[in-house]
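All remarks here apply to the structure that follows.
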Amino acid sequence: MNIFDLYLEKILKVVKQANKDKLIEVPENLKGINVDIPPPQFNCDISTNVAMVLAKPNKKSPIDVANQLVSLIKNDDTEIEDISIAKPGFINIKFKNSFWNNFLKEVISSGNNFGVNKKITKKKFLIEFVSANPTGPLHVGHCRGAILGDVLSNLLLFNNHTVSKEYYVNDYGNQILHFSKSVYFRIREILKKEAFPKDNADLYPGDYIIDIAKNIIKNNKDLNFDNFEKISSKLTSLSVQESLKLIKFNLKNLGIVHDKFISETDIVNNNEVEKTINKLKKNNFVYEGKIKAPESEKSSKWTERNQLLFKSTDFGDDKDRALQKADKSWTYFASDVAYHNNKIDRKYDVLINILGADHAGYIKRITSVVEAISGKKNLLICKVSQLVKLIKDGKPFKMSKRKGDYITVEDLIEEVGKDATRFIMLNRSSDVELDFDFTKVKEKSRDNPLYYVQYCYARISSVFRNVGKKIDDEINIKDYNFNYTNEELKILKKISEWPLCIEIASSKLEPHRLPVYLYELASEFHSYWNMGKDDESKRFITPDKKIADDKLVFIKSVSNVIKSGMKILNVETPEKM
RNA sequence: GCGCUCUUAGCUCAGCUGGAUAGAGCAUCGGUUUUCUAAACCGCAGGUCGGAGGUUCGAAUCCUCCAGAGCGCGCCA
């Protein structure tokens, strides 16, 4: 139950009726009327701006309109204790105690489904995320997008949408060739004691390549490693397999499991690229032409030539984009176009791509091509996760591919833990660069916001433990009837904001709102808890059986929200800490 | 040069589908454990929301311009 939606509907109904009764003018397209959370200093539960919106069409002051509406709203409703008008023209509503009792009963009986947005239509989502090159294990830089995509999926699933999580494996092209050559040289190093060519900047220097080489030797005793060209395709596929094994292991340790891995090589080999490009040709989106040298490139290095181009400028891109390289093989973009055509063919309502900040420049061309193929403007939504700035011992720490000095996902999990990693990465808007202070998080792990929220849940569990119950047990709400203090009302109001938080987070694809909300809820609970120190009547376990039972129900509602929130984040809620 | 993102307290950030006196955490300083978990709480202090215009009854939030920071601008992936 979203009480803000509930009251918006009620108020709109009142307004429309008043219009019918010729009491009030209502414009044709009624827009901008909201029911909001009032600032805490006002002694009320919800507030609305109706009067201010309707002031102009009625040629009255907002206060006058409010005066007119107040009695109409109250007449219609037995749950309102007090309704008042505040300065510019807000109408503030305070509910009766019984309203909150009914609200709480509903929170409890909805269990983990409290907050699910019931009014939206179910959709089929395809979300592509991570899609890191299969040339080695995942590092910290991959983490943020991975977690963002995963929690976004959970959030959509929570709202009963269908979600398919995909990883696009870029196992085609030059990078992969260099990777597979690196494995080859490591194999030669092991078998023939030939030194690995460390000066070759194209090759991958990391030690994990040695492990991959060892595994390939072990499992392919009959393979002859004398000539790279001869075994190139076999070795490439073996190397990619090994590296995918590592990546899947990393993802699993982060709590992430994709539904599908789609191979770029497969897309190319199935002629999907030609198919898709022909489709685009038919609609005049592809032509032979030249493109100018990019600004960053020294123009002397650039050779202008005729090549196959996609007309992304038709959709607002800076320039048209190349589909074929000089050797006529497909560009990365071309096969990605085919992959997106493949996605479109599978009939999803919404496609989401999670990209790293360094790929933000790619968005225009890929959304253009999706629009060109599907004819739909917003079928594909791209979400960028900004950089993670690593800080070590108080100094920025740059990872270097050449030196092979990476902080891998495994390092991170080992030092900080999966849950803390997820929570910290999610605690900030993905639009903002994130400071990840490795040393600080590790040393001061107790100051971590994750523990703050978990501790709240653990405290509630401990109350249940102390009365010989379990936090997960069914709880009886039949006789529940509680008289709330102001502190308890504050918590209830916060709980009532949970469905709103879910709604905004999923409609704007901003999962960081969840940890932020959970932190606030936990904060209010911790305050409340500490009141029991000075004032025995504010403790949960009290001699009065009825009050103690009711308080148990009350705190159970807090733990319910924490638990379902943490479930969406895929983070543990321990009962003891 | 062009594009995208950001600029809010000393630091790190919420708040941005327009609403009332702009909020947290950290850091500083001071206080709270015979009591359901002190991984907690309470208090003090800290702000021309980068700047200038505009739209509006109302702007941190929307629009325009300017400045600064980051990322990108490939026939790499």
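As the structure is a prediction and not an experimental result, all values here were calculated from the model. Throughout, protein chains are lettered first and strands after them, A, B, ... in sequence-line order, and every chain is numbered starting at 1.
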ask   = Among A:R428, A:K389, A:R144, which residue meets the salt bridge (Lys or Arg N to Asp or Glu O under 4.0 Å) test with A:E433?
value = A:K389
query = Crowded around A:E536 CD? As in, over 12 foreign heavy atoms under 6.0 Å?
reply = no
query = Under 6.0 Å from the CG atom of A:N43, do we count more than 12 heavy atoms belonging to anything else shown?
reply =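 Result for CG/A:N43: open.
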With heavy atoms under 4.0 Å as the rule, sort [X] into base, sugar-phosphate or nothing.
X      : result
A:A322 : sugar-phosphate
A:E264 : sugar-phosphate
A:K533 : base
A:Y172 : sugar-phosphate
A:S61  : nothing

message = Can you list every stem that RNA chain B is part of, counting only runs of 3 or more consecutive Watson-Crick or G-U wobble pairs with both distances under 3.5 Å?
response =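 Looking at RNA chain B, the stems formed by three or more consecutive pairs are B:1-7 with B:67-73, B:10-13 with B:23-26, B:29-32 with B:40-43, B:50-54 with B:62-66.
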Side chain to side chain donor-acceptor pair (under 3.5 Å) contacts in which one or both residues fall within residues 46-62 of chain A, not counting sequence neighbours =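 Checked against side chain to side chain donor-acceptor pair (under 3.5 Å) - neighbours excluded - the pairs reaching residues 46-62 of chain A are A:K60-A:Q68, A:S61-A:D64.
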Using atom [atom1] of each nucleotide, how far apart are [N] and [M] to the nearest Å?
N     : M     : atom1 : value
B:A20 : B:A60 : P     : 9 Å
B:U48 : B:A59 : C1'   : 15 Å
B:C63 : B:C6  : P     : 11 Å
B:U7  : B:G51 : P     : 13 Å
B:U12 : B:C75 : P     : 38 Å
B:C16 : B:G23 : C1'   : 14 Å
B:U8  : B:U61 : C1'   : 12 Å
B:G58 : B:C41 : P     : 41 Å

request  = Would you classify B:U33 as syn or anti? Syn applies when the glycosidic angle is within 90° of 0.
outcome  =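 Syn conformation here, the glycosidic angle of B:U33 being no more than 90° from 0.
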Just the rounded figure in Å: distance from [atom2] of [N] to [atom1] of [X].
X      : N     : atom1 : atom2 : result
A:K364 : B:C4  : NZ    : P     : 9 Å
A:K319 : B:G1  : NZ    : P     : 16 Å
A:L450 : B:G25 : CG    : P     : 17 Å
A:R321 : B:C76 : CZ    : P     : 14 Å
A:R459 : B:A39 : CZ    : C1'   : 9 Å
A:I363 : B:C73 : CD1   : P     : 13 Å
A:K490 : B:G23 : NZ    : C1'   : 12 Å
A:K56  : B:U56 : NZ    : C1'   : 8 Å

query = Looking at residues at least two apart in the chain, or sitting in another chain, which of them share a salt bridge (Lys or Arg N to Asp or Glu O under 4.0 Å) with A:E487?
reply =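 Applying salt bridge (Lys or Arg N to Asp or Glu O under 4.0 Å) to A:E487 gives A:K538.
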inquiry  = Please enumerate all residues that pass salt bridge (Lys or Arg N to Asp or Glu O under 4.0 Å) together with A:D550, with sequence neighbours excluded.
reply    = A:K546
message = Would A:H359 count as stacking on B:A77 if stacking means ring centres less than 5.5 angstrom apart and planes tilted under 30 degrees?
response =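 Yes.
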query = Mapping A:I291 and A:Y528 onto RNA chain B by nearest heavy atom, which one lands closer to the 5' end?
reply = A:Y528
ask   = Taking the nucleotide of RNA chain B with the closest heavy atom to each, which residue, A:F333 or A:A357, is nearer the 5' end?
value = A:A357
Nearest to the side chain of [X], which nucleotide is it out of [options]?
X      : options             : value
A:R365 : B:U5, B:A77, B:C2   : B:A77
A:L387 : B:A24, B:C76, B:C71 : B:C71
A:S527 : B:C75, B:C42, B:U5  : B:C42
A:M577 : B:A39, B:A77, B:C6  : B:A39
A:D431 : B:C36, B:C6, B:A77  : B:C6
A:D318 : B:C36, B:G3, B:A40  : B:G3

request  = At under 4.0 Å between heavy atoms, which parts of nucleotides 7-15 of chain B does protein reach? Answer with one letter per nucleotide, 5' to 3': B base, S sugar-phosphate only, - none.
outcome  = -----BSSS
Pairing donors with acceptors under 3.5 angstrom, does anything connect the side chains of [X] and [Y]?
X      : Y      : value
A:N159 : A:S506 : yes
A:Y519 : A:N427 : no
A:S368 : A:S312 : no

query = Are A:Y332 and A:Y362 an aromatic pair by the rule of ring centers under 6.0 Å?
reply = yes
key: Near-ring test A:Y528/A:F540, centroid separation under 6.0 angstrom   = yes
Please check the phosphate of [N] (OP1 and OP2 only) for any side-chain N or O of [X] closer than 4.0 Å.
X      : N     : value
A:K576 : B:A39 : no
A:W529 : B:A38 : yes
A:Y362 : B:C76 : no

query = Would you say the side-chain atoms of A:N448 pair up with the backbone N or O of A:L450, donor to acceptor, closer than 3.5 Å?
reply = yes
Atom pairs under 3.5 Å: protein N/O with N/O of nucleotides 17-22 of chain B:
from: B:U17; atom 1: OP2; to: A:K508; atom 2: NZ; distance (Å): 3.2
from: B:G19; atom 1: N7; to: A:N49; atom 2: ND2; distance (Å): 3.3
from: B:A20; atom 1: N6; to: A:S47; atom 2: OG; distance (Å): 2.7
from: B:A20; atom 1: N6; to: A:N92; atom 2: OD1; distance (Å): 3.3
from: B:A20; atom 1: N1; to: A:N92; atom 2: OD1; distance (Å): 3.2
from: B:A20; atom 1: N1; to: A:N92; atom 2: ND2; distance (Å): 3.2
from: B:U21; atom 1: OP1; to: A:K87; atom 2: NZ; distance (Å): 3.2

Does this structure show an ion pair linking [X] with [Y], if we count only N-O contacts that are shorter than 4.0 Å?
X      : Y      : result
A:K119 : A:E503 : yes
A:E371 : A:K377 : yes
A:E520 : A:K494 : yes

